[in-house]
Amino acid sequence: SVLAQMRGFSLAKERKWYSYLDQNPSGREKFAINYRNEKLILTRSTSDQQTMSNTSIQYFKMDSNHFESLVNDHSYQEDKRNLYADVQKFSELKVSSQIPRYHQGKADFIAPIDWRIDE
């Protein structure tokens with residue numbers, strides 16, 4: 001139960017927070033990992049895309065005022081490598097038989113004559 005943490009009575013256990021986003025028309029998937037004052041975002045083509053585009057890796061640090069800053073230099077290389085390895089492991093959990101992409105088949109869809117949507 002996380003009710004005590006939500007109410008501010010106790011602190012949550014420190015852990016890595018993973019996010020995944022794929023159902024978008026661009027055919028790009030995003031994986032993110034947040035840990036302590038760091039965040040890494042990996043953006044790449046989805047496996048069902050005909051052409052693969054560049055992979056993007058963004059690394060952020062959060063300052064004491066909780067503002068994120070994109071780190072573009074070569075500092076924190078070890079931290080970046082560790083988070084990247086973690087997000088790669090997370091990405092391997094995807095199943096090969098995912099649900100169809102959002103809007104897939106929309107162009108060929110013809111609604112039945114008696115079809116209606118009630119509010």
Side-chain angles (χ1 to χ4, degrees):
S1 173
V2 295
L3 188 57
Q5 289 101 12
M6 292 172 66
R7 291 182 173 166
F9 298 131
S10 67
L11 295 175
K13 181 180 175 184
E14 186 175 271
R15 65 183 180 95
K16 295 173 181 166
W17 184 274
Y18 297 90
S19 301
Y20 172 64
L21 174 67
D22 179 14
Q23 286 294 334
N24 58 66
S26 70
R28 305 275 291 158
E29 59 187 4
K30 288 186 178 187
F31 297 89
I33 181 172
N34 293 273
Y35 185 56
R36 295 184 179 147
N37 65 337
E38 304 170 291
K39 176 167 64 176
L40 185 129
I41 300 174
L42 170 66
T43 306
R44 64 185 183 197
S45 295
T46 56
S47 58
D48 63 341
Q49 291 301 302
Q50 299 296 327
T51 58
M52 296 297 193
S53 56
N54 293 338
T55 297
S56 164
I57 299 170
Q58 296 174 298
Y59 178 74
F60 297 86
K61 286 292 248 184
M62 190 180 306
D63 65 18
S64 60
N65 293 324
H66 303 288
F67 290 108
E68 287 183 347
S69 297
L70 181 61
V71 179
N72 286 321
D73 60 18
H74 294 290
S75 57
Y76 308 108
Q77 289 299 317
E78 176 109 8
D79 294 338
K80 288 182 205 177
R81 272 193 293 277
N82 291 338
L83 290 180
Y84 181 75
D86 288 339
V87 85
Q88 281 293 97
K89 286 181 199 170
F90 176 66
S91 75
E92 293 169 6
L93 297 174
K94 281 181 32 180
V95 295
S96 58
S97 57
Q98 292 188 350
I99 61 171
R101 183 155 306 285
Y102 183 72
H103 282 305
Q104 183 175 335
K106 178 182 176 184
D108 301 324
F109 177 74
I110 300 171
I113 294 171
D114 60 349
W115 190 48
R116 67 177 207 201
I117 299 174
D118 294 325
E119 292 184 27

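Between I57 and Y84, the shortest heavy-atom distance links the atoms CD1-CE1, 3.5 Å. A32 and I41 make their closest contact through CB-CG1, 4.1 Å (heavy atoms, listed as atom of the first residue, atom of the second, distance). Contact record, R28 with T46: C-CG2, 3.9 Å, taken as the closest heavy-atom pair.
The shortest distance between side-chain heavy atoms of E29 and S91 does not fall below 4.5 Å. For the pair F31/Q88, no side-chain contact is recorded, criterion being any heavy-atom separation below 4.5 Å from C-beta on.
In this structure, K16 places its NZ atom where more than 12 heavy-atom neighbours from other residues, nucleotides or ligands lie under 6.0 Å away. Residue E78 qualifies as open at atom CD: its count of foreign heavy atoms under 6.0 Å is 12 or below. Around the CG atom of L11, the shell of radius 6.0 Å holds no more than 12 heavy atoms that belong to other residues, nucleotides or ligands.
To the nearest 0.5 Å, the span separating CG on N37 from CG on D63 amounts to 9.0 Å. Atom-to-atom distance recorded for E38:CD and K80:NZ is 10.5 Å, nearest 0.5 angstrom. Atom-to-atom distance recorded for I33:CD1 and K89:NZ is 9.5 Å, nearest 0.5 angstrom. For the atom pair CG of D86 and CZ of R81, the computed distance is 13.5 Å after rounding to the nearest 0.5 Å.
Ring geometry for F109 against W115 counts as perpendicular: the plane angle is over 60°, on a 0 to 90° scale with 30° as the lower cut.
Linking ILVMFWY side-chain heavy atoms closer than 4.5 Å, directly or via other members, places L93 and Y18 in a single hydrophobic cluster. Under the 4.5 Å side-chain heavy-atom criterion for grouping Ile, Leu, Val, Met, Phe, Trp and Tyr, Y59 is connected to F90 within one hydrophobic cluster.
Under the side-chain contact (heavy atoms from CB on, under 4.5 Å) test applied with Y35, the options L40, L83, N82 reduce to a single match, L83.
Y76 carries K61 over the face of its six-membered ring, with the cationic atom under 6.0 Å from the centre and within 45° of the normal.
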